[in-house]
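So the structure is just underneath, and the comments pick up after that.
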Amino acid sequence: MGKNLRLKSARAARDLSQQELADAVGVTRQTVNAIESGDYNPTIRLCVSICRILGKTLDELFWEDEENEKGAV
Amino acid sequence: MKREQFDEMQKQHRERIGNQSFFLLVTLLLIDIAADSFGLRWLDHSTRIFLIVLVCSGVYSLRVILKGAFQAPGVSSSSPWLRVGSAVAVAVIAALVLVKFLKPDEGTTTEDNGSLVLLIVSGGMLLASVLAAWIKKKKDDTKED
């Protein structure tokens, strides 16, 4: 699993730190960091919470196709 | 009092580490039984068992701290220190009460150094846990966002 750069850029676009996003969705900063680094595969429930906070769809942040896979490497 | 809610990654880490620590405990106990049956008695029986339990719980605590799964999100950082401090204080008071009021019969005193071993190991585990928590906190603070 590669890095989730789309999540990182969406968070940066909202001017949120990892800690602020983590507080908003009720997880630790380490969990957000692990998701962005590709070290942790979140549940659908957490994905939806993150999408709601960042104003994005699941597709936009978490769908992995060839194009996104290349971008993540 | 509000119950601590660990997040999903913390729960996964705690469950995995808990399972592994339990298997470590069972394995060490079986090895101890096997060693005992071959005549290898390195400590008093009850001390050995307690020592194995102590080591496994110490390993569990250390690994949970290093994985960042010791403290639930939204809990103030001072509370774990308060809990550890109060646990140590209760242990010290209990030890003092036991020594003062329930002094063991001198006739039962042996050359067994089990209590000293347990004291050193538990102190070492506590120190290692505190060190691990401190290192983890420093690492998290300096980690790039």
Side-chain angles (χ1 to χ4, degrees), chain A residues 1-64 68-73, chain B residues 1-22 57-85 87 128-145:
Chain A
M1 196 165 64
K3 285 187 176 181
N4 193 336
L5 297 176
R6 285 170 291 158
L7 173 58
K8 194 169 185 171
S9 60
R11 177 176 61 76
R14 289 255 167 180
D15 203 21
L16 289 172
S17 65
Q18 283 183 344
Q19 185 63 61
E20 285 165 339
L21 177 61
D23 290 342
V25 294
V27 297
T28 58
R29 192 189 64 78
Q30 287 82 359
T31 301
V32 173
N33 188 48
I35 296 168
E36 286 185 359
S37 314
D39 296 331
Y40 176 64
N41 197 5
T43 61
I44 190 75
R45 190 187 293 266
L46 181 55
C47 290
V48 170
S49 300
I50 291 171
C51 288
R52 285 210 174 111
I53 298 295
L54 297 179
K56 299 277 184 185
T57 63
L58 282 170
D59 274 9
E60 286 172 319
L61 290 186
F62 295 103
W63 186 257
E64 288 184 353
N68 289 323
E69 284 287 292
K70 279 175 196 165
V73 175
Chain B
M1 199 173 76
K2 194 186 167 196
R3 194 161 168 263
E4 285 178 10
Q5 293 288 331
F6 293 101
D7 74 29
E8 55 182 52
M9 191 175 80
Q10 288 180 310
K11 280 180 189 165
Q12 278 184 19
H13 285 315
R14 290 174 75 92
E15 280 168 18
R16 198 181 67 241
I17 294 168
N19 288 342
Q20 289 170 348
S21 300
F22 177 73
S57 58
V59 167
Y60 172 78
S61 306
L62 263 178
R63 292 187 62 202
V64 163
I65 289 169
L66 288 173
K67 282 284 182 187
F70 182 70
Q71 191 181 350
V75 177
S76 67
S77 58
S78 63
S79 60
W81 300 105
L82 192 70
R83 272 179 279 167
V84 170
S129 299
V130 170
L131 257 175
W134 183 73
I135 290 168
K136 176 78 182 160
K137 192 173 183 322
K138 285 279 167 199
K139 213 169 103 182
D140 283 349
D141 287 348
T142 54
K143 195 174 269 183
E144 204 177 323
D145 208 20

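First the proteins, then the strands, lettered A, B, ... as listed; each starts at 1.
- Shown here for Gly26(A) and Pro73(B), the closest heavy-atom pair between the two residues is O-CG, 3.9 Å.
- Atom CG of Asn19(B) sits in a crowded spot, with more than 12 heavy atoms from other residues, nucleotides or ligands closer than 6.0 Å.
- With rounding to the nearest 0.5 Å, the separation of CG in Asn41(A) from CE in Met9(B) is 12.0 Å.
- Remark: Thr31(A) OG1 to His13(B) NE2 distance equals 7.0 Å, nearest 0.5 Å.
- No more than 12 heavy atoms of other residues, nucleotides or ligands shown are found within 6.0 angstrom of CZ on Arg52(A).
- Options Leu46(A), Val25(A), Thr28(A), Asp23(A) differ in how many heavy-atom pairs under 4.5 Å they form with chain B, and the most are formed by Thr28(A).
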